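Beneath this line is the structure, given in structure tokens, with notes to follow.
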Amino acid sequence: MSTVPEKPTLDNIETKWMDTWRTQGTYDFNRSATRDAVFSVDTPPPTVSGSLHMGHVFSYTHTDTVARFWRMRGKSVFYPMGWDDNGLPTERRVQNYFGVSCDPSVPYVPNLQPPFRGDPPKNHTPVPVSRPNFIELCEELTAQDEQVFEDLFRRLGLSVDWSLLYTTIEDRSRRTSQRAFLRNLARGEAYTQEAPTLWDVDFRTAVAQAELEDRERSGAYHTIAFHKSDGSGDVLIDTTRPELLPACVAVIAHPDDERYKPLFGTTVRTPLFNVEVPVLAHPLAQIDKGTGIAMCCTFGDLTDVIWWRELQLNMRAIISRDGRLIAEAPHGLTDETGISHYNALAGKSAKQAQTAIADMLASSGEMVGEPRPITHPVKFYEKGDRPLEIVTSRQWYIRNGGRDAELRDALLARGAGLTWHPDHMRHRYSNWVEGLNGDWLVSRQRWFGVPIPVWYQLNEHGEVLHESPLVPNESHLPIDPSTDVPEGFTEAQRGQPGGFIGDPDVMDTWATSSLTPQIAGKWEDDNDLFARVYPFDVRPQGHDIIRTWLFATMVRSHFEHKTAPWSNAALSGWILDPDRKKMSKSKGNVVTPVDLFEQYGSDAVRYWAAGARPGVDTAFSEDQMKVGRKLATKILNVTKFVLGFGDADESVAPTEQVDCAMLHRLAAVVEECTTAFEAFDYARALERTESFFWWFCDDYVELVKTRAYSEDSPEGSLSARIALRRALSTLQRLFAPLLPFATEEVWNWWQTGSVHQAQWPTSAELTASISTSPDEALLNSVCTTLAIIRRSKTEAKVSQRQGVDMASITASAEAARAITAGWIDIANAGSVAQWEIAISENAEIAVVVTLAPVAQ
RNA sequence: GGGCGUUUAGCUCAGUUGGCUAGAGCAUCUCCCUUACAAGGAGAGGGUCGGGGGUUCGAGUCCCUCAACGCCCA
């Protein structure tokens, strides 16, 4: 406890209390608490390769207010932080920073010195390093970034227990990730399969359904003449991808399409390449699209994959993994002219091939008319720049209900069982799960990630036996199959016939981050802890990653623990710039959080964030931060003022009706705020507290301050002082989750310990030993009377301090009783010398004010 | 094409089972240096609650319908 400063200030309170909270361990998780006494948060681990922006400040503040509320409610709060330093963005940053590239075939070098630490020259050729070395460099660089992140979050006032920090690339996370994967494998939930896969030709990796996005792109319909095999004429087919013509394996129309019914079961020959393909029926063919009959190529889009699978068509792939047409004409293309046509296309990119083949069709007379430009949605990897291709490759999958109705229904039920904040977000989950069309592809052809923890045996011909992977013992995890050796083998047997080979791939970043509850809760590494925190109380996150992070987490926990990973999902909204557009760096309208902390104070920035209702997109507003700063300043000033009246025994009951009515009003606010926080509605709690607080400062304190000072009436003075102090204590605690710095500052002027470990206020403590019942009417009548007197002075353009000779009041009997009961305070606040009151039925309160002559 | 959300004052938004004269902040205007706070305070003006229809004693709130904007999924 310190004394009240002469001139209260918000300057530097962040630094002061950040340090105190750190040294006092104010937010340490008490792991002796059992599950029912714990509130656990599955905090989103921010990506470390970027920088923290206002969106982070916004949503992490929301979570923090709720965590602080439950801590004050007596829960042991498990509030960890994690850094997501695993994945493509880090990989690219490390390559550019150190001037290296990852090559899993290179042996590990202890104490490797990279060629550069920052800014390699432009003409530098990246030096290949082993995967373990590459990961070491990732860890070195991310450690720097992570310190910056931690400092910012501490400055924001997040009540995180930093001793629980994890990173997604550290050994323990890789171990957890690999362990969970091996358990999925053992139970048959993970499997490997060679299949057509969406493929990014620039990143040269497979991509999962959840990472797709549609983008509108311009294209053109080419009308191409296929020739009926019986020579009876042509079939015209519209396609936007004529370059795939050499990959055509069938032409397909809708079963009900009268135009093509006679052709089903016959064959046609492709133009230029003269390959015979069947004419088939399938309901996915769109009657009204182009000519209504489509060519099926392996593969142009996902519909082709369905047709290929369901109609059991041939495979005639021509797109290689770099996005270019393969060197040799594909299987089934045997016509000599056709082969020479193909050879002219080999090695071209898809785009170049399209131009070339359009020219060839035009000169052969097999294209009808000119290409007709259209715009249409094209599938992209969300981080990619070129349209996805579909290539066949061997990949790992985890089942997710996309091919299994029973599992899908179970996962839908898990989602339905969650409490969603706001509730309508549940539809995004069910929409996504119902639309799944395949299992979750988890393998990626990248390096900086958690390796798929398996090896494969090679037979005596050196062929890979994919169907019976060699798995490590769990106690050996984490492993890297590119450097570790499976049991029973030696390093010398790597890649040798009869030996083994490591799986070259890593797991999708979501395959690890889907285990944040298990990682943070130290599943299998500390099961005593895990049992105290799992299933978590809440998963806070952005609504844009419901289909990825939220759903993937659900899948993993469903498989491993037969439970949902949490009971609540709290979805935060977006930050929009003041013009209601999404904030973006390119527009130069991005303000860094630290600048705002400096300018307005952390509490003010939190005030802006906490004012947004859960899940609602919100405009960035410095105006709101100014208001927040004003509020924090007011809390300081009113505390100084109230404490200036001197101590009072708060256990004694207030006696004045005005005081009792104020405490009852505040008790109702406490009830509302408690209910709101329990439902994650920090915004309502803020609004109710703030609204009461300003009324308290502007009206109540003004009404009673003279009485509180007065020595004439010790009983009236004591009543006011007790009420003021009870209210002050309550208000400081109501504000504590929202404005942790200002409230901690003022709390320490008169209380012991941290306000953040104080007990959440109750209505019972406020109204303890008060005999009167709530009396809103009394407060309203008294405040209305004061407001009229104030307005009279404003309209007369005199100071509020100006005396009133006579106040003639007209009011109903009930209001008159209230005004009489509170008169001493009204007279003090309005400087009224004499008054009279007349009863009038059904009358609103009216006051005729006779001002004292203005002193010259 | 399916789903979800939003539409209330110039701006940003509250308005919780239907119920006082629809509220707040910002902005605007007026006034006040008042011993907690001038980085403050006291006041004022400003809205046919997106349009139309319905239920009801009573609708911003419930139902139907239309529209605009935004998002998710296909």
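Proteins get letters first, then strands, A, B, ... in listed order; numbering begins at 1 in each. Side chains included, hydrogens not; waters and symmetry mates left out as well; all remaining heavy atoms used. In this text, all values refer to a predicted model and were calculated from it rather than measured experimentally.
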Please work out if [X] contacts a base, only the sugar-phosphate, or nothing of the nucleic acid, heavy-atom cut-off 4.0 Å.
{"X": "A/Lys634", "result": "base"}
{"X": "A/Glu795", "result": "nothing"}
{"X": "A/Val627", "result": "sugar-phosphate"}
{"X": "A/Ala787", "result": "sugar-phosphate"}
{"X": "A/Arg684", "result": "base"}
{"X": "A/Lys793", "result": "nothing"}
{"X": "A/Asp698", "result": "sugar-phosphate"}
{"X": "A/Glu672", "result": "base"}
{"X": "A/Tyr709", "result": "sugar-phosphate"}

Describe, in one word, how the ring planes of A/Phe69 and A/Phe677 are oriented to each other, choosing from parallel (under 30°), tilted (30 to 60°) and perpendicular (over 60°).
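Judged by the thresholds at 30° and 60°, the geometry between A/Phe69 and A/Phe677 is parallel.
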
Tell whether A/Arg790 reaches the base of B/U30 with its side chain through a donor-acceptor pair below 3.5 angstrom.
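Side chain to base: no pair present.
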
Which nucleotide sits closest to the side chain of [X]: [options]?
{"X": "A/His427", "options": "B/A36, B/U30, B/C4", "value": "B/C4"}
{"X": "A/Glu702", "options": "B/C37, B/C73, B/G41", "value": "B/C37"}
{"X": "A/Ser799", "options": "B/C32, B/U12, B/U35", "value": "B/C32"}
{"X": "A/Thr794", "options": "B/G3, B/U34, B/G43", "value": "B/G43"}
{"X": "A/Asn637", "options": "B/G2, B/A36, B/A38", "value": "B/A36"}

If you compare every side-chain N and O of [X] against the phosphate oxygens of [N] (OP1, OP2), does one of them come in below 4.0 Å?
{"X": "A/Lys705", "N": "B/U34", "value": "no"}
{"X": "A/Gln800", "N": "B/G43", "value": "no"}
{"X": "A/Arg629", "N": "B/A39", "value": "no"}

If pairing requires Watson-Crick or G-U wobble contacts with both distances under 3.5 Å, which nucleotide is the partner of [N]?
{"N": "B/A59", "answer": "none"}
{"N": "B/G1", "answer": "B/C73"}
{"N": "B/A42", "answer": "B/U30"}
{"N": "B/U6", "answer": "B/A68"}

Given atom [atom1] of [X] and atom [atom2] of [N], what is their separation to the nearest angstrom?
{"X": "A/Tyr600", "N": "B/A39", "atom1": "OH", "atom2": "P", "answer": "16 Å"}
{"X": "A/Ile845", "N": "B/U21", "atom1": "CD1", "atom2": "P", "answer": "16 Å"}
{"X": "A/His424", "N": "B/C72", "atom1": "NE2", "atom2": "C1'", "answer": "10 Å"}
{"X": "A/Leu198", "N": "B/A74", "atom1": "CG", "atom2": "P", "answer": "12 Å"}
{"X": "A/Leu412", "N": "B/C73", "atom1": "CG", "atom2": "P", "answer": "16 Å"}
{"X": "A/Asn437", "N": "B/G2", "atom1": "CG", "atom2": "C1'", "answer": "16 Å"}
{"X": "A/Glu434", "N": "B/G2", "atom1": "CD", "atom2": "C1'", "answer": "10 Å"}
{"X": "A/Arg426", "N": "B/G5", "atom1": "CZ", "atom2": "P", "answer": "12 Å"}

Both A/Val638 and A/Arg791 contact RNA chain B. Taking the nearest nucleotide for each, which residue is further toward the 5' end?
A/Val638

For RNA chain B, whose closest nucleotide is more 5', that of A/Glu687 or that of A/Asp623?
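Whichever sits nearer the 5' end wins; that is A/Glu687.
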
Which heavy atom in A/Pro737 sits nearest to a heavy atom in A/Leu734, and how many Å separate them?
CD-O, 3.4 Å

How far does CH2 of A/Trp747 sit from CZ of A/Phe735, to the nearest 0.5 angstrom?
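The distance works out to 14.0 Å.
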
Does [X] make a cation-pi contact with [Y], if we ask for NZ or CZ under 6.0 Å from the ring centre and within 45° of the axis?
{"X": "A/Arg215", "Y": "A/Phe380", "result": "yes"}
{"X": "A/Arg539", "Y": "A/Trp549", "result": "yes"}
{"X": "A/Arg547", "Y": "A/Trp510", "result": "no"}

For atom [atom1], what is the distance between [N] and [M], given to the nearest Å?
{"N": "B/U6", "M": "B/U16", "atom1": "P", "answer": "13 Å"}
{"N": "B/C71", "M": "B/G51", "atom1": "P", "answer": "24 Å"}
{"N": "B/C66", "M": "B/C72", "atom1": "P", "answer": "24 Å"}
{"N": "B/A36", "M": "B/G41", "atom1": "P", "answer": "14 Å"}
{"N": "B/U8", "M": "B/A14", "atom1": "P", "answer": "11 Å"}
{"N": "B/C49", "M": "B/C62", "atom1": "P", "answer": "15 Å"}
{"N": "B/G47", "M": "B/A22", "atom1": "P", "answer": "12 Å"}
{"N": "B/C13", "M": "B/G19", "atom1": "C1'", "answer": "24 Å"}

A/Arg309 and A/Asp304 ion-paired at < 4.0 Å:
no

Answer yes when A/Arg665 and A/Asp775 have at least one side-chain N-carboxylate O distance shorter than 4.0 Å, and no when they do not.
no

